[in-house]
Engineer: 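Just dropping this structure here.
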Amino acid sequence: MKKTIYTMFILCGTFMLAQEAKSDTAEVSNTKEIQEVIVKAQRKKQFADKAVYTFDKEALERARYAKDLLQTLPELQLDPVGNTITSTKGGTILFLINGVEATDLQIRSVTPGEVVKVEYFDIPPARWATRADTVVNILTRSTETGYVFGAEVFSALNTGFINGSAYANYTKGKNNFGLEYSLSLRDYNDRRVSSIYDYQLNGSHYRSDENRKDYFGYTFQNIALRYTRMVPDDYAFQAKLNMDIFSRFSKGVGQSIFTQDNLVEEHSMFKNNGSDYMIPKLDLYYSKKMGEKDELSINLVGSHYTTNTSETAKEWIAASGLSVYDNDMMLKAKQTSFVGELAHVHDFKAGKISSGYRISRSSISNDLNNLAGYSQYNVNYLEQYFYTEFSGKVDQFSYRVGAGLTNIHNKSAENIFDEWTFTPKVILGYQLKNNHNLRFTGSYSPVSPWSNALSSNVVQLAPNIVQRGNPFLKSQQVFSNNLTYSFNNKYFDFNAALFYRYTDRIINQYYVLDESGGYALTYENGKSGQRYGIQITGSYKPFGNNLLVVKAVITPTSEMVKTSLGALIKNDFLGNYFVLSSEYKAFSLQYQFNIPTYSLSGAFLNTNENQNNVFIRYKHKNWTFSTGMYWMGMPSEYKTKSLPESLVDYKIHTQIMNNKSMFVLGLSYDFSKGKKTEIQKKLNNDTAPAATF
């Protein structure tokens, strides 16, 4: 694997040096200074922590809304399943409009002509660094009275697959009102699951070979109502009420061949589970200018809701009806979450300093019935984050230096974890030529265990196999380094990054002997973990325009985990993703594909989702007609297998046959007149996700 990485890096270097050095970048100034500039060509300006993109006249005319413009960025793509913009590199992505956290529908409500530029932060600033791996900020022109509305539906013809949405915004004077609704519905009756558990227990050899067919689905709805008042160069206020409504279900029946040494039995089974929640969320934001160089911002977010989760699984000997196991689990979790942040920004002649404090708290009251009986317990997750950073530029050298202090305080019925961690970060950038840049970033930060890992719940997976959480987990400590070379001209937008990530006390999932006499799948803090390699990303336009665009991500990676007992787990893989797209007048075509690979996840190796999708779109005035096919010639499928070091040899293969060659049709209508009020919100937060395990 190391030889492969070195060879690819040498080839990348050769490719870099062979490019023609052309000046094809635009100087970046603030929004007010370039509001009236008519962009004649698409350009990119690379900084230490971000890239700034503008768009040519042809791209602005062809796009329906700002979301279409984002798809043209080299490291962004349209996720065909969720119909949302995601990063080709993976990870969490956060979208902003003039600094305000924005939903997918808000991005749709921005007409292309309003877009001045897009800031792409592959190294997020301190206030977002703990929330996202990538930040995209859309900067728009001056606001004025107007309105905008639209609706879209995307549906399969022969199975339960629907993405639908509608939005409306109205601006009058200094006031703006917004309303959004989105729906994602899945209803599949043919998911096929085959799994194997193979293990030694008490001197005997056991094997459970299971085949199951599931009927499953989910419905996710989002309703958002916003009010904004902005007085330029004075203050901005926004109140947003958001409602997430979610429900999911799964009903499966199947058979298994259960073997104990020479004894072979035919078993029957069913496995049903589901969950639902309704999350009302209030988000208040206020920002005040204090002179010409200072700004103070405050953001408060709160939610209170109940999550209901249930699971019923039974397995019995087919011939006699004798029960093998009977698993009933019901969990009602009442959750209250709060996030508050205060931030200050001051502009110096030499640069800018940003400082702030954020506190997030989630309190969960659990009523639980499971294999261990009934229990009622409370858990609390508290995180505090103090941060400050200074950014500046000297000639061709740019930098950002930050320091933070993070406190993680997790309290359960069985354990209290409290720790303070110093979190420094440094970013250095140097412009080699007008379109050649070299950047380095280094950071150290803690990562708190997720609620499922800390859960005290217990569920039955198979005969002699249960799953449980570990309330005694400690936070992970992550040390990350990246060295990135960037090059762009009319034809290429290319990035090659050497990365190294070291994790102390890495959270690892593994099998252990359980007090019940079988095995338990649970979590531990391993000694350490490492991941390193090269990530090559970018796009190629052979004709210098969007008539043909090739996007690619190639990531040869080595990863390893050292368990608490000192066992060393290693894995190498070649991550990949490719997009071919073409735009001609009112028509556009896109084809996406990848070759799934196994990556390390605790005690298992998991494949990423396979892709083989094609879409065609035609735009006529305010109407857009779409069609396409998902997973051409194949179902969506997912594979997991345990590692040789595992006490239990486990394999599972899942295929959703409803998705095979799934044909879809789409229709959308978008209309706008005038422009909306947007505010430059400096703080963007969200409460903790629902606890379901």
Side-chain angles (χ1 to χ4, degrees), residues 77-84 86 88 90 153-164 183-197 208-220 247-257 269-274 313 461-462 553 573-581 589-599 601 604-616 626-642 650-666:
Q77 61 157 338
L78 178 67
D79 172 20
V81 178
N83 194 29
T84 56
T86 59
T88 58
V153 63
F154 210 66
S155 176
L157 299 183
N158 59 350
T159 190
F161 177 96
I162 299 175
N163 287 329
L183 166 71
S184 295
L185 183 146
R186 306 292 184 265
D187 192 75
Y188 295 144
N189 60 8
D190 193 2
R191 178 173 65 177
R192 302 177 188 179
V193 182
S194 60
S195 61
I196 295 174
Y197 291 90
S208 181
D209 194 337
E210 175 185 321
N211 288 280
R212 189 174 75 246
K213 183 177 180 180
D214 291 346
Y215 169 40
F216 84 101
Y218 66 83
T219 302
F220 178 78
S247 64
R248 66 167 179 86
F249 70 91
S250 176
K251 300 177 181 179
V253 295
Q255 298 78 38
S256 72
I257 303 298
M269 70 182 66
F270 73 82
K271 293 186 177 182
N272 299 340
N273 61 73
L461 299 177
V553 180
F573 66 93
L574 182 62
N576 63 92
Y577 175 77
F578 305 93
V579 179
L580 302 176
S581 64
L589 171 69
Q590 186 176 91
Y591 173 61
Q592 306 169 334
F593 72 97
N594 70 346
I595 302 173
T597 58
Y598 281 100
S599 60
S601 177
F604 307 105
L605 291 169
N606 298 327
T607 61
N608 53 322
E609 185 178 72
N610 58 314
Q611 295 194 42
N612 190 37
N613 315 310
V614 63
F615 303 97
I616 301 173
S626 305
T627 186
M629 184 173 288
Y630 293 86
W631 294 287
M632 292 187 296
M634 63 182 68
S636 59
E637 65 177 0
Y638 317 87
K639 298 178 182 179
T640 297
K641 61 182 179 180
S642 58
Y650 172 68
K651 297 182 179 66
I652 185 169
H653 183 198
T654 302
Q655 294 180 306
I656 304 177
M657 304 307 296
N658 300 86
N659 283 338
K660 183 178 180 180
S661 300
M662 186 171 67
F663 180 70
V664 293
L665 290 176

Engineer: Please lay out, stage by stage, how Asn273 and Arg248 fare under the test side-chain contact (heavy atoms from CB on, under 4.5 Å).
Structural biologist: CA-CA 8 Å; Asn273 61 73; Arg248 66 167 179 86; 2.7 Å; yes
Engineer: Drop me the distance from Gln590's CD to Gln77's CD, to the nearest 0.5 angstrom.
Structural biologist: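 These two atoms lie 8.0 Å from each other.
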Engineer: Judged by atom type as modelled, is there a donor-acceptor pair below 3.5 Å linking the side chain of Asn612 to the main-chain atoms of Met632?
Structural biologist: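 Checking the backbone N and O of Met632 against the side chain of Asn612, a donor-acceptor pair under 3.5 Å is found.
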Engineer: Is the number of heavy atoms from other residues, nucleotides or ligands within 6.0 Å of CD1 (Ile595) greater than 12?
Structural biologist: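 Not buried by this count: 12 neighbours or fewer within 6.0 Å.
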Engineer: Are the side chain of Arg192 and the backbone of Asp214 linked by a donor-acceptor contact shorter than 3.5 Å?
Structural biologist: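 No: the side chain of Arg192 does not pair with the backbone of Asp214.
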Engineer: Between Phe220 and Tyr218 (judged by ring centroids, cut-off 6.0 Å), do the two rings come close enough to count as a pair?
Structural biologist: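 They do not qualify: ring centres at least 6.0 Å apart.
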Engineer: Between Phe154 and Ser626, which heavy-atom pair has the shortest distance, and what is it?
Structural biologist: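 Scanning both residues completely, I find the closest heavy atoms to be CE1-CB, 3.6 Å.
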Engineer: Hey, could you give me the OG1/CG distance between Thr219 and Leu185, rounded to the nearest 0.5 Å?
Structural biologist: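 Going from the OG1 atom of Thr219 to the CG atom of Leu185 covers 4.0 Å.
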Engineer: Strictly distance-based, threshold 3.5 Å: is any side-chain N or O of Asn610 a donor or acceptor partner for the main-chain N or O of Glu637?
Structural biologist: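 Judged by distance alone, yes, a pair lies under 3.5 Å.
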Engineer: Distance-only, no hydrogens or angles: does the Ser642 side chain make a donor-acceptor pair with backbone N or O of Tyr650 under 3.5 Å?
Structural biologist: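 The answer is yes, because a donor-acceptor pair under 3.5 Å joins these two groups.
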Engineer: Just to verify, which of Asp190, Asn189, Asp187 counts as forming a side chain to side chain donor-acceptor pair (under 3.5 Å) with Tyr215?
Structural biologist: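 When Asp190, Asn189, Asp187 are each tested with Tyr215, the side chain to side chain donor-acceptor pair (under 3.5 Å) holds only for Asp187.
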Engineer: Please give me the minimum heavy-atom distance between Asn608 and Pro596, naming the atom from each residue.
Structural biologist: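 Nearest pair, atom of Asn608 first, then Pro596: OD1-CA, 3.3 Å.
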Engineer: What do the steps show when you test Arg186 against Asn163 for side-chain contact (heavy atoms from CB on, under 4.5 Å), and what is the final call?
Structural biologist: CA-CA 9 Å; Arg186 306 292 184 265; Asn163 287 329; 3.2 Å; yes
Engineer: So, does Asn606 use its side chain to make a donor-acceptor pair with the main chain of Phe604 at under 3.5 Å?
Structural biologist: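 Looks like no, no N/O pair under 3.5 Å.
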Engineer: Minimum heavy-atom separation for Arg191 to Ser250, with atom names?
Structural biologist: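 Taking Arg191 first and Ser250 second, the nearest heavy atoms are NH2-OG, 3.0 Å.
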Engineer: With distance as the sole test, does Gln611 use its side chain to make a donor-acceptor pair with the main-chain N or O of Tyr577 at under 3.5 Å?
Structural biologist: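 No; zero donor-acceptor contacts below 3.5 Å.
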Engineer: Any chance you could measure Glu210, atom CD, to Ile196, atom CD1, to the nearest 0.5 Å?
Structural biologist: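 Result: 10.5 Å between the selected atoms.
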Engineer: Over all heavy atoms of both residues, which pair between Asn211 and Ser194 is shortest? Give the atoms and the distance, please.
Structural biologist: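 Answer, listing the atom of Asn211 first, then Ser194: OD1-CB, 3.3 Å.
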Engineer: Considering non-hydrogen atoms only, spot the tightest contact between Ser661 and Gly633 and give its length.
Structural biologist: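 Nearest pair, atom of Ser661 first, then Gly633: OG-N, 2.8 Å.
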Engineer: Can you find a heavy atom in the side chain of Val153 that is under 4.5 Å from one in the side chain of Leu183?
Structural biologist: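 Counting from C-beta outward, Val153 and Leu183 never come under 4.5 Å.
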Engineer: Begin with the C-alpha distance, continue with both residues' side-chain angles, and end with the deciding distance and a verdict on side-chain contact (heavy atoms from CB on, under 4.5 Å) for Tyr638 and Ile656.
Structural biologist: CA-CA 9 Å; Tyr638 317 87; Ile656 304 177; 4.1 Å; yes
Engineer: Between the main-chain N or O of Leu461 and the side-chain N or O of Lys271, is there a donor-acceptor pair closer than 3.5 Å?
Structural biologist: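 Indeed, once roles are kept as given, a pair shorter than 3.5 Å links the two residues.
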Engineer: Between the side chain of Thr627 and the main-chain N/O of Val664, is any donor-acceptor distance below 3.5 Å?
Structural biologist: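 Checking the backbone N and O of Val664 against the side chain of Thr627, a donor-acceptor pair under 3.5 Å is found.
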Engineer: Side chain of Thr607, backbone of Lys639: donor and acceptor closer than 3.5 Å?
Structural biologist: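 Checked: pair present.
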Engineer: How far does OH of Tyr591 sit from OG of Ser581, to the nearest 0.5 angstrom?
Structural biologist: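 Separation between the atoms: 13.5 Å.
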Engineer: Report yes or no: does Trp631 contribute a side-chain atom to a donor-acceptor pair with the main-chain N or O of Met662 at less than 3.5 Å?
Structural biologist: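 Absent.
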Engineer: So Asn659 and Tyr188, do their side chains get closer than 4.5 Å, heavy atoms only?
Structural biologist: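 Result yes, sub-4.5 Å side-chain heavy-atom pair found.
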Engineer: Aromatic contact between Tyr630 and Phe615, with the criterion being ring centroids under 6.0 Å apart: yes or no?
Structural biologist: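 That pair passes the under 6.0 Å test.
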Engineer: Taking the six-membered ring where the residue is Trp, are the ring centres of Phe593 and Phe578 under 6.0 Å apart?
Structural biologist: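 Close enough - the centres of the two rings lie under 6.0 Å apart.
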